[in-house]
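Beneath this line is the structure, given in structure tokens, with notes to follow.
Numbers here simply count residues along the sequence, with the first being 1.
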Amino acid sequence: PSSLESAFGKRAIACYRSIDYLLIFEDEEDIVNLNPNIELLKQLDARGVIVTAKSQEYDFVLRYFAPKIGIDEDPVTGSVFTELVPYWSRVLQKDRFKAKQLSQRSGEVFCAHKGDRVEIAGYVAKYLEGYIAI
């Protein structure tokens with residue numbers, strides 16, 4: 001949609017739609033330099049927008065924007081890999097990946113395409129511990 005090009009100020013080389021829009025860009029620098037118009041992204045008819053490209057150091061890089069649900073840019077988004085891994089598996093003709101989400105906090109994700117499943121792993125830092133009484 002033209003609204004996506006307006007929101008990002010750059011035309012993607014491909015665009016797909018599921019629960020999110022998936023925009024494919026030429027290279028990693030495109031992903032790093034994107035500065036989307038959050039107000040325009042709030043008006044989209046999808047949960048959010050994944051932007052991704054091939055990388056030199058990683059198999060692919062990404063960022064994820066979902067202001068419609070209150071997340072301008074998510075630091076590391078496990079769920080979007082269920083959309084990304086099948087795409088990159090077809091493009092790169094492989095089933096195991098090392099990816100990096102290029103948000104301000106950023107994070108490395110290790111994932112694998114397992115037929116109708118996607119396996120996701122990464123490093124975490126515990127920031128909260130609590131108990132729930134029912």
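- Put simply, the side chain of S55 never gets that close to the backbone of E28: no donor and acceptor are under 3.5 Å apart.
- When all heavy atoms are compared, the tightest approach of K94 to D59 is NZ-OD1, 2.7 Å.
- Residues satisfying the side chain to side chain contact (heavy atoms under 4.5 Å, CB included) test with Q43, not counting sequence neighbours, are L40.
- The aromatic rings of F60 and F81 are tilted relative to each other, their planes meeting at an angle between 30° and 60°.
- Nearest heavy atoms, C15 versus Y21: SG-CD2, 3.8 Å.
- E73 and S103 form no side-chain donor-acceptor contact under 3.5 Å, judged by distance and modelled atom types alone.
- In plain terms, the two heavy atoms of L44 and K68 that are nearest each other are O-NZ, 2.6 Å.
- Atom CG of L41 sits about 13.0 Å away from atom CD1 of I71, to the nearest 0.5 Å.
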Verdict with supporting geometry, V109 and K98, side chain to side chain contact (heavy atoms under 4.5 Å, CB included)
CA-CA 6 Å; V109 176; K98 181 179 177 186; over 6 Å; no

Working note: F110 + F97, criterion side chain to side chain contact (heavy atoms under 4.5 Å, CB included); need CA distance, chi angles, decisive distance, verdict.
CA-CA 6 Å; F110 307 94; F97 305 94; over 6 Å; no

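- Closest approach of L23 to F25, counting heavy atoms only: CB-CE1, 3.7 Å.
- Between K54 and D27 no salt bridge is recorded (no basic side-chain N to carboxylate O distance below 4.0 Å).
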Begin with the C-alpha distance, continue with both residues' side-chain angles, and end with the deciding distance and a verdict on side chain to side chain contact (heavy atoms under 4.5 Å, CB included) for V49 and L4.
CA-CA 9 Å; V49 181; L4 284 170; 3.9 Å; yes

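- Listed for the S106 side chain is no donor-acceptor partner under 3.5 Å among the backbone atoms of L102.
- Cluster annotation: I13 and W88 are assigned to the same hydrophobic cluster (Ile/Leu/Val/Met/Phe/Trp/Tyr, side-chain heavy-atom contacts under 4.5 Å, transitive).
- Partners of I19 under the side chain to side chain contact (heavy atoms under 4.5 Å, CB included) rule, at least two apart in sequence or in another chain, are R47, E83.
- Paired with V85 under the rule side chain to side chain contact (heavy atoms under 4.5 Å, CB included), one option of H113, K114, R96 passes, and it is H113.
- One finds no salt bridge joining E5 and K10 here, because no Lys/Arg side-chain nitrogen approaches an Asp/Glu carboxylate oxygen to under 4.0 Å.
- For the pair V76 and Y64, the minimum side-chain heavy-atom distance is 4.5 Å or more.
- Annotation for N35: atom CG does not count as buried by contact number, only 12 or fewer foreign heavy atoms lying within 6.0 Å.
- Heavy atoms from other residues, nucleotides or ligands lying under 6.0 Å from CZ of R11 number 12 at most.
- Annotation: side chain of F65 is in contact with side chain of V51 (closest heavy-atom distance under 4.5 Å).
- Tracing side-chain contacts under 4.5 Å through hydrophobic residues (I, L, V, M, F, W, Y), one reaches V91 starting from I50; they form part of the same cluster.
- A single hydrophobic cluster is not seen to contain both Y58 and L92; linkage of ILVMFWY side chains at heavy-atom distances under 4.5 Å, directly or through other members, places them apart.
- Residues D30 and L34 approach most closely at O-CG, 3.0 Å, considering heavy atoms.
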Side chain to side chain contact (heavy atoms under 4.5 Å, CB included) evaluation trace for I31 with L62
CA-CA 7 Å; I31 304 304; L62 69 134; 5.8 Å; no

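- Nearest heavy-atom pair, Q101 versus D74, reported as atom, atom and distance to 0.1 Å: NE2-O, 2.9 Å.
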